[in-house]
Every structure is written in structure tokens, then in C-alpha cells.
Amino acid sequence: MSFISVNGTTLYYELRGEGPSLLFISGAVGDAGQWSAVADGLADEYTVLTYDRRANSRSPRPDGWSATTVDEQADDVSALVVALGLAPVLAYGNSMGATILTNLALRHPEVLRGAVFHEPPYLAGCSEPEATAGALQEVVDAGMAEGGPRTAVERFQRWIAGDEAYESFAPDFRARLLADGEVLFGIELGPVMSYLPTDEQLAGIRVPSVVAAGAENRDPASIRHPLFECAQWFSERLGVPLVETPGGHVPQFTHAPALVDRLRPMLRTFDQPPVPAGS
């Protein structure tokens, strides 16, 4: 178990493998354990960094900390990779983690050599933003009414990942997820979901980028189809193609081996030398 103090907080982190640096940024909740299988699968080719976001799971809550911003979350990432000597890093952000990665690309591009944004939940980009936000809020509210933040996290995770994936979680990992409910719903969710860069800001991102979406969410009948639409919207703003990954919104839970196979050639393109003009 490794900890490091950066940007006014202490972060738990894990390093695996050897090679070019690769970072995974978790969404909700911010636990490094989301990436264990994927990180193990890529550790033969990369130095893989995963971490618990501030006040999540094994990263202790800073004294007096009761609010956050996306800027703060991105500053944590920047400080972490610099302190560990891993910058510039390839980064993959999932869901809220892709929102944090957006801010990182805008405000700390020097620490990145490439970025993969998987279904960033910019609900303004989906066809029915109010209905989508309302449906998600109903899930959270029902969980809160039934059993408080812990039950709300369970309901949220079952909605995001599916019942089968949730039931497969290891007991210690599940316990950490449930314990993070107060931070997720009381501190993180509002600022992250309200964060929306302008079209001009997004068009100005110069970090080599890929936008990804779960193949299962392409179906308009899927309850998570709005997240596919968000990714489509985001790829258009960045001016890059949309690529599909196996599974749905959280393939690291449901399709880890297939995600490793999909990511490996994609990630390699970031480290290939540019083709000389005219060749």
C-alpha cells in the first residue's frame, strides 16, 4: 500500500508493471480497485498508475474538507503524476473520471501525452438532458430514502454497471464503494455534473485524444444510451472520431479482458512517432 501527499491531500495509489506511464481515473466512486483487472492486463507493456481520489476509499479525507471542484480533482491528478515522475502520462478517464480528464487537458496539458475519454457524462450533449438527469436522480433518491448513502451507492452502481456486475464485486471492494456514498452524493456529484466547458474551450484541446463509448449503449433502447450520446457530442466538440469499447458504461467491471484487448492497439498509437509530411 502506497500513499503520497500532494495538493493538500493524501492519496492512496498503486503502480504496476514497467514501460511508458499509463493512468486510469475513476468516476463514481473514485476507487482504484475499479481498474485491478485492466491494470494487471496492461502491466506487461506499461507502468500503470491507479489511485483513490481524494477522500475516497483508502485516501483519507482532509481535515475540514467539505467541498470540491473539478479544478481541484484535476490538480490532484497533475500533482500526483508529477510527484511520481510519470509525466507526461497517457490517461484514460471513465465517466466522471473523463470529466476530470477534460479539465486536466485544458489546464495541465503538459502532464499528458494522450487522453482517452470514456463516456464523459455531459448531459447537455444528450437528446433528453432533463429526463436523463431526472431518471438518475430518482435512482439516488430511492436509495437515500431506503437506507441513506450506502444504499444509494448500491442503487447507483446497479444502474451504471448492472446487477450481475455488482454481485461480482469482491466483498472488500464493495464495502469501500458503499462507504464512499457520503462523499459522492454530498460533495462530488453536484460540482462534477454541473461542469461544462464551452465549445471554444473543447475545440482548443491540443492533447492527442480519443473519445470512447460502450457498444452496448449505442442501442437507443438501452437505459444508458444517453451516455453514448454524451460521448458522441463530446467527440464532435473535440473534432475526433468516436470509438466503441466492449460492454457499456463501465467495461472495466463487465468486460475487462476485452477492454484490455481493445485498448492495447489504441494506446500504442499515442507513442508512435509522427509520420513525416509527404511520406
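For clarity, every value in this text was computed on a predicted model and none was experimentally measured.
- The environment of CD in Glu128 is sparse: at most 12 heavy-atom neighbours from other residues, nucleotides or ligands sit within 6.0 Å.
- Using a 3.5 Å distance cut-off with no hydrogens or angles, the side chains of Ser57 and Asp180 do pair a donor with an acceptor.
- Ring geometry for Phe169 against Phe173 counts as perpendicular: the plane angle is over 60°, on a 0 to 90° scale with 30° as the lower cut.
- The pair Arg150-Glu154 does not meet the salt-bridge criterion, since no charged nitrogen lies less than 4.0 angstrom from a carboxylate oxygen.
- By the 30° and 60° cut-offs, the orientation of the rings of Trp35 relative to Phe24 is parallel.
- Leu104 and Phe117 fall within the same hydrophobic cluster, where Ile, Leu, Val, Met, Phe, Trp and Tyr residues are linked whenever their side-chain heavy atoms come under 4.5 Å apart, directly or through other members.
- No donor-acceptor pair closer than 3.5 Å links the side chain of Thr10 to the backbone N or O of Ser5.
- Under the 3.5 Å distance criterion, with hydrogens and angles disregarded, no donor-acceptor pair is assigned to the side chains of Asn56 and Asp31.
- Residue Arg54 comes nearest to Pro62 through the heavy atom pair NH1-CG, 3.9 Å, listed as atom of the first residue, atom of the second, then distance.
- Taking CZ from Arg237 and OH from Tyr122, the interatomic distance works out to 12.0 Å, rounded to the nearest 0.5 Å.
- Under a 3.5 Å cut-off, the side chain of Arg53 and the backbone N or O of Gly27 do form a donor-acceptor pair.
- Side chain of Asp52 to main chain of Ala32: a donor-acceptor pair is present (N/O by atom type, distance under 3.5 Å, no hydrogens or angles).
- Scored by the side chain to side chain contact (heavy atoms under 4.5 Å, CB included) test, Ala91 finds Leu23, Leu101, Leu112 as partners (sequence neighbours excluded).
- Note: His118 NE2 to Thr245 OG1 = 3.0 Å, rounded to the nearest 0.5 Å.
- At a threshold of 4.0 Å, the pair Arg113-Asp271 counts as salt-bridged, since one of the basic side-chain nitrogens sits closer than that to a carboxylate oxygen.
- With respect to the salt-bridge test (charged N to carboxylate O, under 4.0 angstrom), the residues Glu216 and Arg224 do not qualify.
- For the side chain to side chain donor-acceptor pair (under 3.5 Å) criterion with Gln73, the lone passing option out of Thr99, Thr68, Asn7 is Thr68.
- In this structure, the side chain of Asn94 engages the main chain of His249 through a donor-acceptor pair within 3.5 Å.
- Considering only residues two or more places apart in sequence or on other chains, Asp63 meets the salt bridge (Lys or Arg N to Asp or Glu O under 4.0 Å) condition with none of them.
- The structure places CD1 of Ile187 at 6.5 Å from CD of Glu182, a figure rounded to the nearest 0.5 Å.
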